[in-house]
Structure formats: structure tokens, C-alpha cells
Amino acid sequence: MADDMLWLGFHLDEKGKRTDKKFEISQDLLRRHGGVFGSTGSGKTVLSKVILEEAALKGIPIIAFDPQGDIASLMLPGDPKELEKKGVPPERLKKYMDKVVVRVYTPASSKGLAISINPLKLPDKNADPDDIVRLMDNSARTLTKVLMKVGGLSRSWEAKSFAVIYELLRNIWESEQDLGGLGDLANMLVAPVEEIGVDLEPFMKESERQTLATRIRTLTVGSSQLLFKEEGQIDFDELTQPVQGKTPINVIFLKTLRSEEEKHFFISIVLNQLYSWMLKQGYQEDPRMILFQDEAAPFIPAGMKAPGPKETFLLLFRQARKYGVECLIATQSPKDIDYKAFEQFNTIASGRISSDQSLKVLERILEPIAGEKESEEIISMLPGQQTASFIFSSADLKPKVNHIGVRWLLTNHITLTEKDVQQHMKELRKQQEKILKEMEKERLKREKEEEERKKKLAEERKKAADAKKREEERRKAEEEKRRKEEEARKAKEKELAAKKAKFAKAKDEEPVFDTKGKADAVSYDDLVNGFIARIERIASTTFGLPFLRELIKRGQLHYEKALSYYLKETREAIKQGLARKEKIEIEKRGKKKKVMYIIYDFEHVLNQVIQSMGIKEPEYVDEKRLKKRFEELVRTAKKNSFLERIALGQPFLEF
Ligand SMILES: Nc1ncnc2c1ncn2[C@@H]1O[C@H](COP(=O)(O)OP(=O)(O)O)[C@@H](O)[C@H]1O
Ligand SMILES: [Mg+2]
């Protein structure tokens, strides 16, 4: 699931330049533990812290040992602007601040949060018998070691001190007695057999037990006492529990422990308790927590040296994955770490390293993970690695080898002193609040902008919708208008057709044409008679017969000709509406020219008749029918009638 991915950085191109492609790993990848290697300043701590930031963002609690003071700065939020510049969205910082709480514990110091240990923590009643022995053994061994290192116990006393402490612890555990602190233990060492129920004499003489008890008591005074106080005793339930919904990153600041021995001792007790807590939790697939040890070499040294934490570390590496406890270590010198540790490591990030010895060891570590050829190649590249560039290889990754540039940290990467821790813990809240406020302001601003943008968009959309609506309405109205027009047109057509039919069917003598004014309706015969009357009237005042004959025959006369013979008649004909002038194009000696003609056409004269009779619907007058009727009348005209005279060619007018 993409949601389980930890974003560690960006892939690098062949030239070692950062690309935009994110490099992410599954949160389960560290189940088989991770090692980060690189010389000082190569960016190990930064990479490790990026992993911690990411894991905590995913809700995995962290316990980190901070030997140098630069892990504690995980509590200092970075500058959102700078983050943006470095390609990390500032929202991630906000999420980190919302979801993660960083607690810095300062053992043996009251500057940070209190943390103390109980070296005498006894195993759970229901624990596995092997584990019981192992835990008790570990407690006794650790206490013996601390007594030698811090309590001034002589080295020659180691074996017998271990034996007597072990025996006492075993007895206390078996008889289910209460064991308070170290003071109790010291008292029990010298108490009578009847009181404690076990004879310690075979393991150590009473006088020697007195000395041992004194040594143990020294641990309960001075600076050491802070370590073993009843209050603030380390409690893994509490360390892994979310705080007000926030995932805890617990940084254990080791610089407050004055000597290496104290550190070893402290770490080993913490690890022991982690181990027994882990067993109590039972198996778990999902990551339950991450344990991080920076600069791990002194705590898991190569060779026969066996400081307190080494055995427990190795034990954890072997067992922890079953319980969902993921281990992450960083070191500048893999050669200084016990090689057995790496048999359990499946994921290795290698930064710049130039020491031949370290490279040789690293090659051996990498071989089973990345392959023989690949690890040789990786090794050859390591001396030239840039700061914060790593070759990230894992047997559980595809591809197994990745060249990455570590992403910028969400938090400041600085080294803190004990005093810084004190101050920062106080200021942390203030600062966090300020940054949160700023981010909130920024968020509100963005929200407002977004709102405005949305409003504008909505307005534009509404405008567009309105315009569309209007257009739709307009279109509908137009359509309606067209429909109505079409309807009207059709109605009219129908009406016209009916009329046409009516006029067409009308008999010649039937008065079908309405006239304007008060006159009666008119029939086809009336029209023909009107036509004849008009010609008669005009002819009576104007034309001679040859002209009329010509008129009937041709319908038109050349204007000039008409002028030369019948100038008067022609003028009169036009005046009376019997003829009309029109320019007509003719060809004369191969040339085209327009000449004025006087036209005597039937239609024209008829129109004059129709107009003068005031017919209301002249378009329905069937001219062809009239013409035919007229010709018929001419043909069947009685002798001496006007028409006959026209037809016979006799003059009816004399000039
Ligand atoms: N916030 C940050 N995020 C990423 N890299 C950083 C950041 N601050 C500093 N660095 C780079 O990391 C380098 C130090 O790396 P570091 O992890 O401390 O080295 P080491 O390998 O010794 O642990 C610095 O020199 C700097 O270039
Ligand atoms: Mg470092």
C-alpha cells in the first residue's frame, strides 16, 4: 500500500545528480534491520533521522539512542520556506508537528525528561524458561559490569559477584519476593538465610558480600542515583503509547552519562528491558517500534570485547523481527562492529567511505544482500560518494541497488548540549505553536484564495449557464415564432388553395372577384368585357385599324416606327395605359444597343383593367383563361360588333 511508504529521498541519475523521482521504501523493509554506513559527515545521521521522521509519520514509535546530541534535534522543526526550497512540501512538516511528539530523555540528569533504570528488573512469571534464564543472567551480568566500571569493584571479583547476584535474583524471582531497588539488593546480600530463603555462602563469603553490598550502595548516591531512581523508570508501554494521538519519538540523550561504561551499562539495561517487554507483547507482523542506535560501533564491538549492550543487541537482531521491533544502526566503521550483527541485516545504505579496511568489510556484508558483482561495484563507488548520497541496497527491494539522494530533514540537523535540551524542551512548545500559527495563517490565506477562486469560477459558471439559458429561451422563442409563421403560412396556403380552387372553378358569368369600395363582385366575363370596353374606348379616340391589327397580331411595336406613324396615338396609348415604354436590347449592324420600344401586351392592358375595376385579389385572376376567353369572343363575334370589326380588319374609327 502506497500509504505505508517511507519517503527517504530522490533517485540519482548516472552522474549522481538528483532526479525528481522519489525513492520510497515500505515500512516493513526494516523488519530485517537496516544499517547505515559512511564516514563522518557523509550524512548517516541525516538519513537515519529521515527514516525516523518518516516512520513516526506512519505512526511507528521510535526509541533512539543519541550518543552525539544530534538526534535530539528531531524536536526542532525546520524552516518551512527552506524545506520548500529543498523540495520537501512544508505540509509534511505540519503533519510531523501534528502527529509526532519528540521526547528527549536525559539519563542521570534532570535537564530533559527523567529516565531511570532498574537493573534488577526480573522476568515475567509466564515468560519462556530460556528467556527467564537469559534475562536474569543479563541483569546479573550487567550489574556486575557496572559495579566494576562505576562502583569500583575489582576485576578479579567479577565471576563470583556475578554468581552471587544471579543466585540471589533467581531466588527472589522463584519465591516471588518483592525487590525494590539496589538498596534492597544490597541489604539482601548480607541478610540471614532465614530471611531471604537462600544460602549465599557457597558463592561468596559473608565479609566479601559486605564489600559487594557497599559497592552496590554507591550506585544509589551521587550522580548514579538519578539513574536508578524509582521515579521515571523506563516503561516501554509508555514509551510506545501515543500521546494525545501523537506518535512518540523517544530520544535517549547519552551525553548526560559521563563515562563510556555508564553509557554501556545504561544501554544494556534499557535493551534488556526492551527485550523482556518485547517477549511479553508476543509475535507481531506489523512494525511495533523502531530502535535506533547511532554510532553503534562501541556498543557492538568486533572481536572478543563484550561490553554490556553487545550481547543484547545481537540477541535483539536475531529475535526482534518476530515481535515487530525493527532495528536501525549507523556507523562510520563497519569493521569495528561484530560481524555477527550483520548476518541479521537485510538492508544496507552505504555513503562515502574511503578506508580500505571498512570497504573490505562492507563488501562482505553487501555480498549476500546485493550480489557479488554488485557489491564490488558499490564498493568501488563509495569513496566518491557525495554528502547525503547513498547506495541503498536491500535483498527485499526491487531493484536491489538504488542510488539515492537523501531528502532534506523536516527538522533542524544540529547538535544539542544538555543545556540546549533543557532550553529547547521549554521553548519547543512556544516554537511549535508559533510555526503552527504561521502555517495556519498560510493555510487560511490559501483557503481564502481557493475560496475566492471557487467563487469566481462559480460566478463564471453561473454566467455561462445564464447565457446558455437565455440562448435556449431565444432559440425556443424563435422556433415558436417559426412554427407559428409556418402554421400561418400553411393556413394561408390552404386558404389560398381554397381560393384558387374557388376562382378556378368559377363559371365565366359568376361574380367571384370582390372589389374595393362599394362596387359589386365581378365575374370573368365582366373582366373580359371591361377589357374590350377599354380597348374600344382607347381605340375610339386613338388608333387606326392597322395599328390595332398590329397590336393584336404582335403585341408590340417599334417605338420609333410608332412615333413616325402614330405619334399621337402612341402618346395617348401610353397615357391611357394601353401601352408601356421599355428599353430593349437589340443588335444593329453587329453592335448591341438599347432602344426604346413601346409594348402593347395583353397582360399589361389587362392589369390596367383589373386595377381600374378595383379587384381586391388581382393575383387570383387567371390571365390565361381571360386571354383564351377574349380570343374566343373575337372568333365568335357577331357581325358589326366591335370585335368583329377588329377581326375583319374594317376600320371602326375614322380620322
Ligand atoms: N536538515 C538537513 N537535511 C539534510 N541534510 C542536512 C541537513 N542539515 C545538514 N545536512 C547535511 O548533512 C551533513 C551532515 O551529515 P551527518 O548525517 O551529520 O553526517 P554523519 O555521517 O557524520 O552522521 C551536513 O554536512 C549537511 O551537508
Ligand atoms: Mg552522525
Side-chain angles (χ1 to χ4, degrees), residues 6-12 16-18 22-23 34-57 62 64-90 92-94 96-97 100 102 104 249 251-255 263 292-300 328-337 348-355 358-359 362 381-392 403-417 420 424 431 435:
L6 315 184
W7 172 37
L8 304 191
F10 298 93
H11 285 273
L12 301 178
K17 273 193 78 176
R18 271 175 196 231
K22 281 185 175 180
F23 175 72
V36 180
F37 301 118
S39 26
T40 305
S42 60
K44 300 182 293 297
T45 304
V46 168
L47 172 56
S48 306
K49 283 166 80 179
V50 165
I51 294 173
L52 302 187
E53 283 179 354
E54 288 289 315
L57 277 172
I62 313 288
F65 291 111
D66 183 2
Q68 294 177 321
D70 53 357
I71 314 292
S73 49
L74 276 170
M75 69 173 160
L76 304 178
D79 176 5
K81 285 198 190 85
E82 190 180 10
L83 281 175
E84 185 134 47
K85 258 192 254 156
K86 300 285 186 183
V88 177
R92 216 172 181 85
L93 171 61
K94 175 155 190 323
Y96 180 78
M97 287 162 68
V100 177
V102 180
V104 181
I249 294 182
V251 179
I252 301 175
F253 195 76
L254 297 177
K255 286 210 293 192
K263 285 176 195 168
F292 171 55
Q293 175 70 68
D294 202 3
E295 297 301 344
F299 307 106
I300 321 165
L328 178 67
I329 64 163
T331 181
Q332 50 176 304
S333 50
K335 69 171 170 39
D336 293 332
I337 288 191
I348 299 289
S350 325
R352 181 177 56 247
I353 295 183
S354 35
S355 139
S358 281
L359 288 171
L362 190 52
M381 293 179 78
L382 291 183
Q385 282 291 100
Q386 281 173 14
T387 301
S389 291
F390 281 83
I391 302 179
F392 197 101
H403 295 259
I404 67 159
V406 178
R407 78 149 165 77
W408 202 252
L409 277 166
L410 302 175
T411 49
N412 286 333
H413 184 48
I414 54 175
T415 301
L416 302 183
T417 63
D420 292 335
H424 283 309
Q431 205 182 349
I435 290 185

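In each ligand, atom 1 is the first atom listed, and ligand 1 is the first ligand listed.
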With a 4.5 Å cut-off on side-chain heavy atoms, are R92 and L83 touching?
no

Do you know which two heavy atoms are closest between R407 and R18, and how far apart they sit?
CA-NH1, 4.2 Å

F292 and I249, any side-chain heavy atoms less than 4.5 Å apart
no

Closest approach of L254 and K263, non-hydrogen atoms and distance?
O-CE, 3.3 Å

With no hydrogens and no angle check, do the side chains of T411 and E53 hold a donor and an acceptor under 3.5 Å apart?
yes

Can you tell me which residues line ligand 1 if we count any heavy atom under 4.0 angstrom from one of its atoms, in chain and number order?
S39, T40, G41, S42, G43, K44, T45, V46, T387, W408, L409, T411, H413

Sorted by chain and residue number, which protein N/O/S atoms are under 2.8 Å from the Mg ion (ligand 2)?
T45 OG1

Closest non-hydrogen contact found for D66 with I71 is OD2-N, 3.0 Å

Picking from L382, L12, I348, what satisfies side chain to side chain contact (heavy atoms under 4.5 Å, CB included) with I391?
L382

Can S73 and D70 be counted as having a side-chain donor-acceptor contact under 3.5 angstrom?
no

What heavy-atom pair brings K44 and T331 nearest, and what distance separates the two atoms?
CD-O, 3.2 Å

